[in-house]
There are 2 protein chains.
Amino acid sequence: MRYAYDVYEDRCPTRLVLDRLADKWALLILDRLEGGPVRFNHLRRDIKLISQKVLSQTLKKLERDGLVTRTVTPTVPVTVEYALTPLGRTLAETAAALTHWAEHNMDAILASQAAYDAARTAQ
Amino acid sequence: MRYAYDVYEDRCPTRLVLDRLADKWALLILDRLEGGPVRFNHLRRDIKLISQKVLSQTLKKLERDGLVTRTVTPTVPVTVEYALTPLGRTLAETAAALTHWAEHNMDAILASQAAYDAARTAQ
DNA sequence: CTCCTTAGTATCCATTGGAAACCATGTTTC
DNA sequence: GAAACATGGTTTCCAATGGATACTAAGGAG
């Protein structure tokens, strides 16, 4: 064990973190916030098909984890800005590697899926 | 857009990949396979609290995506070995960054959660 | 007075996830 | 010779999560 924590252990708190990180919406949100603070409805429009409920819930969890800050400005209507904390920024950089991997290796995966499905259907 | 794909688009196939990657079990399995091929029940014992059903389903999806190979050896009882493909290896390296981030930054997150909860309970 | 915006919450239903039991095959144990 | 154990799963059931939709409050525009 290289660190004080071990993700393979069920009682290890890193599992809780992994639960949070292993969330497609959380990853997309962190990725989206890397360019600077973004408002609630802006996030909703940018991240296609995310529901308000899930966006709200995910942001709350990220805030609780100290990864994003929530800043309310009493304009009319009220504006709420979400931004990465320094800790969140380090995670966003790590998470960006995943989304970039997905964008890079999409073709290989689609080809593999097609071959896999063809092999079963042919039987 | 830097690549032909864009994770923010709902119709983009990268979303499907992100769904796959953004799975705590898939990440743990890929991470676990980095050291070499592992058998089904060995994975089950190593990754604490994963159910057989979910392990089986996740491995099938990873195989379909061309990330792991499944090799059956007709011993008695039959042995089934799972191993990373070259593509899977590149992903496992990327995913490892996430699990290591979790192990590294656990303390900061637990502290933030405690502060967050204390602030609400105090009211 | 009505509609539009903001940032959510409430409600309902479908899908997913986990726990446990079951299966086929064959070896060892009693 | 029957019971128990190993392998690698599948099946079944229930609880939890996710998504679609509708609704809220506060104020500005027409």
Side-chain angles (χ1 to χ4, degrees), chain A residues 7-12 15-29 32-33 37-65 68-83 116 120 123, chain B residues 8-12 15-29 32-33 37-65 68-83 116 120:
Chain A
V7 285
Y8 296 121
E9 287 301 319
D10 57 322
R11 301 298 302 261
C12 183
R15 276 286 181 89
L16 300 175
V17 180
L18 206 57
D19 278 353
R20 187 72 20 87
L21 308 192
D23 176 322
K24 67 171 171 176
W25 299 123
L27 289 180
L28 281 173
I29 292 170
R32 185 66 192 73
L33 289 179
V38 184
R39 291 166 57 185
F40 186 88
N41 276 342
H42 200 152
L43 280 173
R44 189 157 77 91
R45 276 189 294 268
D46 280 3
I47 302 175
K48 307 294 166 56
L49 285 193
I50 192 171
S51 73
Q52 287 185 308
K53 187 182 81 170
V54 172
L55 178 56
S56 171
Q57 286 174 345
T58 307
L59 285 169
K60 254 183 214 156
K61 290 177 192 169
L62 292 174
E63 190 194 355
R64 177 167 181 265
D65 289 346
V68 307
T69 55
R70 179 178 183 273
T71 311
V72 180
T73 314
T75 52
V76 165
V78 62
T79 47
V80 180
E81 266 195 347
Y82 291 93
Y116 182 96
R120 326 263 134 171
Q123 285 170 7
Chain B
Y8 295 122
E9 287 301 318
D10 56 323
R11 302 295 302 261
C12 183
R15 275 286 180 89
L16 300 175
V17 180
L18 204 58
D19 279 353
R20 187 71 21 87
L21 308 191
D23 176 324
K24 69 172 172 178
W25 299 124
L27 288 180
L28 280 173
I29 291 170
R32 186 63 192 76
L33 289 179
V38 184
R39 291 167 55 184
F40 186 88
N41 275 341
H42 201 152
L43 279 173
R44 189 157 77 91
R45 276 189 292 269
D46 280 3
I47 302 174
K48 307 293 166 54
L49 284 195
I50 192 170
S51 73
Q52 286 187 307
K53 187 181 81 167
V54 172
L55 178 56
S56 171
Q57 288 173 344
T58 306
L59 285 169
K60 256 184 212 156
K61 290 176 192 169
L62 291 175
E63 189 194 357
R64 176 168 182 265
D65 289 346
V68 308
T69 56
R70 179 176 183 275
T71 311
V72 181
T73 313
T75 52
V76 165
V78 63
T79 44
V80 180
E81 264 195 349
Y82 291 92
Y116 182 95
R120 324 263 136 175

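Here is the naming used below: chain letters follow the sequence lines, and residue numbers restart at 1 for every chain. Values reported hereafter were calculated over all heavy atoms of this structure, with side chains retained and with hydrogens, waters and symmetry mates removed.
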Check against side-chain contact (heavy atoms from CB on, under 4.5 Å), B/L59 and B/F40: CA-CA 9 Å; B/L59 285 169; B/F40 186 88; 3.9 Å; yes
Salt bridge (charged side-chain N to carboxylate O under 4.0 Å, His left out) involving A/R44 - partner list, sequence neighbours excluded: none
Closest approach of A/W25 to A/V54 (non-hydrogen atoms, all atoms of both residues): CD1-CG1, 3.4 Å
A/N41 CG - C/dC4 C1' separation (whole Å): 12 Å
Touch class at under 4.0 angstrom, heavy-atom based, for B/R39 against every strand present: sugar-phosphate
For chain B, the stretch of DNA chain D it reaches, first to last nucleotide, under 4.0 Å of its heavy atoms: D/dA6 to D/dT12
Contact residues, residues 54-64 of chain B to DNA chain D [heavy atom, < 4.0 Å]: B/S56, B/K60
End-to-end axis angle, where each axis spans five pairs of the helix from C/dC1-D/dG30 to C/dC30-D/dG1, to 10°: 20°
Residue pairs involving residues 50-61 of chain B (criterion side chain to side chain donor-acceptor pair (under 3.5 Å); sequence neighbours excluded): none
Partners meeting salt bridge (charged side-chain N to carboxylate O under 4.0 Å, His left out) with A/K24 (sequence neighbours left out): B/D19
Set of side chain to side chain contact (heavy atoms under 4.5 Å, CB included) partners for A/V76, sequence neighbours left out: none
Which residues share a side chain to side chain contact (heavy atoms under 4.5 Å, CB included) with A/R45, sequence neighbours left out: A/N41
All N/O contacts under 3.5 Å from nucleotides 19-26 of chain C to the protein, with atom names and distances to one decimal?
| unit_1 | atom_1 | unit_2 | atom_2 | d |
| --- | --- | --- | --- | --- |
| C/dA21 | N6 | B/Q52 | OE1 | 3.4 |

From B/T69 atom OG1 to B/L62 atom CG, the distance as rounded to the nearest 0.5 Å: 11.0 Å
Side chain to side chain contact (heavy atoms under 4.5 Å, CB included) partners of B/P37, counting only residues at least two apart: B/E81, B/A83
B/R32 vs B/L28 side-chain heavy atoms within contact, under 4.5 Å: no
Note, B/I29 side chain near B/L55 side chain (heavy atom, < 4.5 Å): yes
Pairing residues for B/T71 by the side-chain hydrogen bond (donor to acceptor under 3.5 Å, both in side chains) criterion, not counting sequence neighbours: none
side-chain hydrogen bond (donor to acceptor under 3.5 Å, both in side chains) partners of B/T73, counting only residues at least two apart: none
